[in-house]
Amino acid sequence: MTQSPRPEARAPRGFMDRRARDLAAEREILTKVSAVYEQFGFEAFDTGAFEYADALGKFLPDADRPNEGVFALQDDDEQWMALRYDLTAPLARFVAQSWETLPKPFRRYAFGTVWRNEKPGPGRYREFTQCDADTVGSARPEADAEIIALAVAGLEASGLPRDAFVLKINNRKLLNGLLATAGVADEGQKLAVLRAVDKLDRLGPDGVRLLLGEGRKDESGAFTKGAGLSVAGAEAVLAFTAAGVGGRAQTLDRLSNVIGGSAEGDEGLAELVAIDVALTSLGVAQDQAQFDPSVVRGLEYYTGAVFEAELLLQTLDEKGQPVRFGSVGGGGRYDDLVARFTGERVPATGFSFGVSRLASALRAAGRGLGAETRGPVVVICFNPDDMPHYFSVVGELRAAGIPAEVYLGSSGMKAQMKYADRRLSPAAIMLGGDEIAAGQVTIKDLDLGRALSSGVTDNAAWRAERPGQQTIARTDLVSAVRAILEARP
RNA sequence: GCCGCCCUAGCUCAGUUGGUUAGAGCGCCAGAUUGUGGCUCUGGAGGUCUCCCGUUCGAUCCGGGAGGGCGGUACCA
């Protein structure tokens, strides 16, 4: 037999192993957010992990670079398939495929894993869970307003404090109108302007001014080419992005002064007015959803309103540096996505957030599942011959709704106690020869012991005291364990 | 993708001006404690010093390349 080298035990980079604590936090988010979304009339919906690559749009694998951006492989009929990189593209495909039979507008939400084949970074993985809610088939601004209200309600339901985040709203048509007035028609130039504005929070107005004009050299000496706007054009864009201060009505007033005149800009303004009216009657407060012209959302496919859920938390990392959480989710109106399949324009709008990102935001806000996940009641194994007794105990406990297990390792008693301690078990059950003969059980309250152990200095005394330990009639097992659980939930 | 820094035990890091057996703290395992978690003490396991090529009598250390990590920048459906 040939000696093959041992594989290195490690997860692929960008892929995460998650233990009970993280999974519990994510499951809780999923449960609470789903309830809110269903209350808004959105139905649960999911698609498969793979799509045919051409359905995913711009990142078409080719023979040379089949995995650029996505994880792709060839089906046995030679068709390229790719793991979905978001939940919107599969939705567009499904809607195009099922348009005739769907109730319209189609309102759905989805939790699902998505994959991106790109360089991972801190807080950036190649596999993660997204949650999306979308309305397909309504061009009304009220559809956008409902998505915004739903996003606010969903984030709040997940446990994010109301003052820990704000939904920022903008409309692509405003900037398009502004640029049209300034004589910018080139799509590439428009995109460069969007990218420049997107960096406002990081580079500040001066850095963005450079990027709107000729370009900017950063600290490392690298040069980024600018959008090539005139000085007047750049100033107009900057004035526009600075208009988002105060309540929604004030921002609208200020915007109408800055935008003035262009047909597309006026259309965008009118949509924001309608959104404001709807939000107000839906009870979404001024400090929960604001208009902010500096919000961009990089994506090319947005055609109207865009939103971003920004975290306002100020926290410090291990080194004491302030942490910018930035955006926890975003979305907007995309009226052209279904048309890629059908040729027919179908208006759509939606919001999306990353579940693990939200979970870490909740942790930072002190609202995460702080407690470790509790272990089961552990039945100590003294002698394998007595297994039937041990299993009848866990059987009773389980039947009473109490998580329980028999220790099935091979270590001695001390190690078994340590095991139960490490699992954060509430209690250990001891059923040695003596107890079995006497029809009794010994129950050790581990929580009580944990509370007392910090004050103990002498090992012999600690062991002699046996805090929280009681030997009772076997028939009282369940009620005694239940008493321990209820005393310290 | 581009630029910079880094890679020694499970983790955090010492160290060798290139010389036989590479260390610490924490963690892990065991004993002291025949059926008891913490503290303490004692002992133990665990390393091709990231990999490959080169220079050298000799490389964990010097040079080149690759891989991985971190930071910045670009991109981000």
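Below, read A as the first sequence line, B as the second, and so on, with proteins coming before strands; counting in each chain starts at 1. Predicted, not measured: the structure shown is a model, and the values here were computed from it.
Of the P atoms belonging to B/G71 and B/A66, the separation is 22 Å, rounded to the nearest Å. Remark: the separation of the C1' atoms in B/U12 and B/C28 is 16 Å, to the nearest Å. Here, B/U8 and B/G15 have their P atoms 14 Å apart, quoted to the whole Å. If you take atom P in B/C11 and the same atom in B/G19, they sit 27 Å apart, rounded to whole Å. Taking atom C1' on both B/G47 and B/G10, the two are 12 Å apart, rounded to the nearest angstrom. B/C13 and B/G1 have their C1' atoms separated by 33 Å, with the value rounded to a whole Å. With P as the reference atom, B/G25 and B/C62 are 27 Å apart, rounded to whole Å. Taking atom P in both B/G46 and B/A9, one finds a spacing of 15 Å when rounded to whole Å.
A donor-acceptor contact closer than 3.5 angstrom links the side chains of A/Ser392 and A/Arg474.
With sequence neighbours excluded, the residues forming a side chain to side chain contact (heavy atoms under 4.5 Å, CB included) with A/Arg84 are A/Asp46, A/Thr47, A/Leu87, A/Pro90, A/Val114, A/Trp115, listed by chain and number. Partners of A/Arg172 according to the side-chain hydrogen bond (donor to acceptor under 3.5 Å, both in side chains) rule, which considers only residues two or more places apart in sequence or in another chain, do not exist here. Residues forming a side-chain hydrogen bond (donor to acceptor under 3.5 Å, both in side chains) with A/Tyr37 (at least two apart in sequence, or on another chain): none. Applying the side chain to side chain contact (heavy atoms under 4.5 Å, CB included) criterion to A/Asp75, with sequence neighbours excluded, gives A/Tyr52, A/Asp77, A/Gln79, A/Met81. With sequence neighbours left out, A/Thr442 forms a side chain to side chain contact (heavy atoms under 4.5 Å, CB included) with A/Met430, A/Glu435, A/Gln469, A/Thr471. Residues satisfying the side-chain hydrogen bond (donor to acceptor under 3.5 Å, both in side chains) test with A/Asp335, not counting sequence neighbours, are A/Arg333. For A/Phe382, there are no ring-ring contact (aromatic ring centres under 6.0 Å, His included) partners two or more places apart in sequence or in a different chain. With sequence neighbours left out, the side chain to side chain contact (heavy atoms under 4.5 Å, CB included) criterion links A/Glu43 to A/Phe106, A/Arg108.
Atom pair A/Leu211:CG and B/C75:C1' shows a separation of 14 Å (rounding to whole Å applied). When rounded to the nearest whole Å, the span between CG of A/Asn117 and C1' of B/C75 equals 14 Å. Here the C1' atom of nucleotide B/G1 and the CZ atom of A/Arg124 are 13 Å apart, to the nearest Å. The distance between atom OH of A/Tyr85 and atom P of B/C75, rounded to the nearest whole Å, is 19 Å.
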With the criterion being N/O to N/O and under 3.5 Å, what pairs connect the protein with nucleotides 36-42 of chain B, and how long is each?
unit_1, atom_1, unit_2, atom_2, d
B/U36, OP2, A/Arg463, NH2, 2.7
B/U36, O5', A/Arg463, NH1, 3.4
B/U36, O2, A/Lys444, NZ, 2.9
B/U36, O2, A/Gln469, OE1, 3.3
B/U36, N3, A/Gln469, OE1, 2.6
B/U36, N3, A/Gln469, NE2, 3.0
B/U36, O4, A/Arg466, NH1, 3.3
B/U36, O4, A/Gln469, NE2, 2.2
B/G37, OP1, A/Lys414, NZ, 3.2
B/G37, O6, A/Asp445, O, 3.4
B/G37, N1, A/Leu446, O, 2.7
B/G37, N2, A/Asp421, OD1, 2.7
B/G37, N2, A/Leu446, O, 3.0
B/G37, N2, A/Arg450, NH1, 2.9
B/G37, N3, A/Asp421, OD1, 3.2
B/G38, N7, A/Trp462, NE1, 3.4
B/G38, O6, A/Asn459, N, 3.3
B/G38, O6, A/Asn459, ND2, 2.1
B/G38, N2, A/Val456, O, 2.1
B/G38, N2, A/Thr457, N, 3.3
B/C39, O2, A/Thr457, O, 3.4
B/C39, N4, A/Asn459, ND2, 2.8

Between the protein and nucleotides 66-70 of chain B, which nitrogen or oxygen pairs are less than 3.5 angstrom apart?
unit_1, atom_1, unit_2, atom_2, d
B/G69, OP2, A/Arg13, NH1, 3.2

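Using a 4.0 Å heavy-atom cutoff across all strands shown, A/Arg202 reaches sugar-phosphate atoms only and no base atom. Across all strands shown, A/Arg422 has heavy atoms under 4.0 Å from sugar-phosphate atoms exclusively, and none from any base. Residue contacts for A/Thr88: at a heavy-atom cut-off of 4.0 Å it reaches no nucleic acid atom on any strand shown. When heavy atoms are screened at a 4.0 angstrom cut-off, A/Lys199 is found touching the sugar-phosphate backbone but no base atom. As judged by a 4.0 angstrom heavy-atom cut-off over every strand, A/Tyr419 is placed among residues making no nucleic acid contact.
Between A/Asp447 and A/Arg374 there is a salt bridge, since a side-chain N of the basic residue sits under 4.0 Å from a carboxylate O of the acidic one. Between A/Lys418 and A/Asp421 there is no salt bridge, since no side-chain nitrogen of the basic residue lies less than 4.0 Å from a carboxylate oxygen of the acidic one.
In this structure, the nucleotide among B/C28, B/G35, B/C75 sitting nearest to the side chain of A/Phe382 is B/G35. Distance from the side chain of A/Glu435 is smallest to B/G35 among B/G35, B/C76, B/U73.
Paired runs in RNA chain B that reach 3 or more consecutive Watson-Crick or G-U pairs, where each pair keeps both distances under 3.5 Å, cover B:1-7 with B:67-73, B:10-13 with B:23-26, B:28-32 with B:40-44, B:50-54 with B:62-66.
Comparing A/Asp434 and A/Arg195 along RNA chain B, the residue whose closest nucleotide (by nearest heavy atom) sits nearer the 5' end is A/Asp434.
Within a 6.0 Å radius of CZ in A/Arg18, other residues, nucleotides and ligands contribute 12 heavy atoms or fewer.
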Counting only pairs under 3.5 Å, give me each side-chain donor-acceptor contact of residues 185-198 of chain A, with atom names and distances, residues two or more places apart or in other chains.
unit_1, atom_1, unit_2, atom_2, d
A/Asp186, OD2, A/Gly188, N, 3.3
A/Asp186, OD2, A/Gln189, N, 2.9
A/Gln189, NE2, A/Ala227, O, 3.1

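Between the base of B/G1 and the side chain of A/Glu118 there is no donor-acceptor pair shorter than 3.5 Å.
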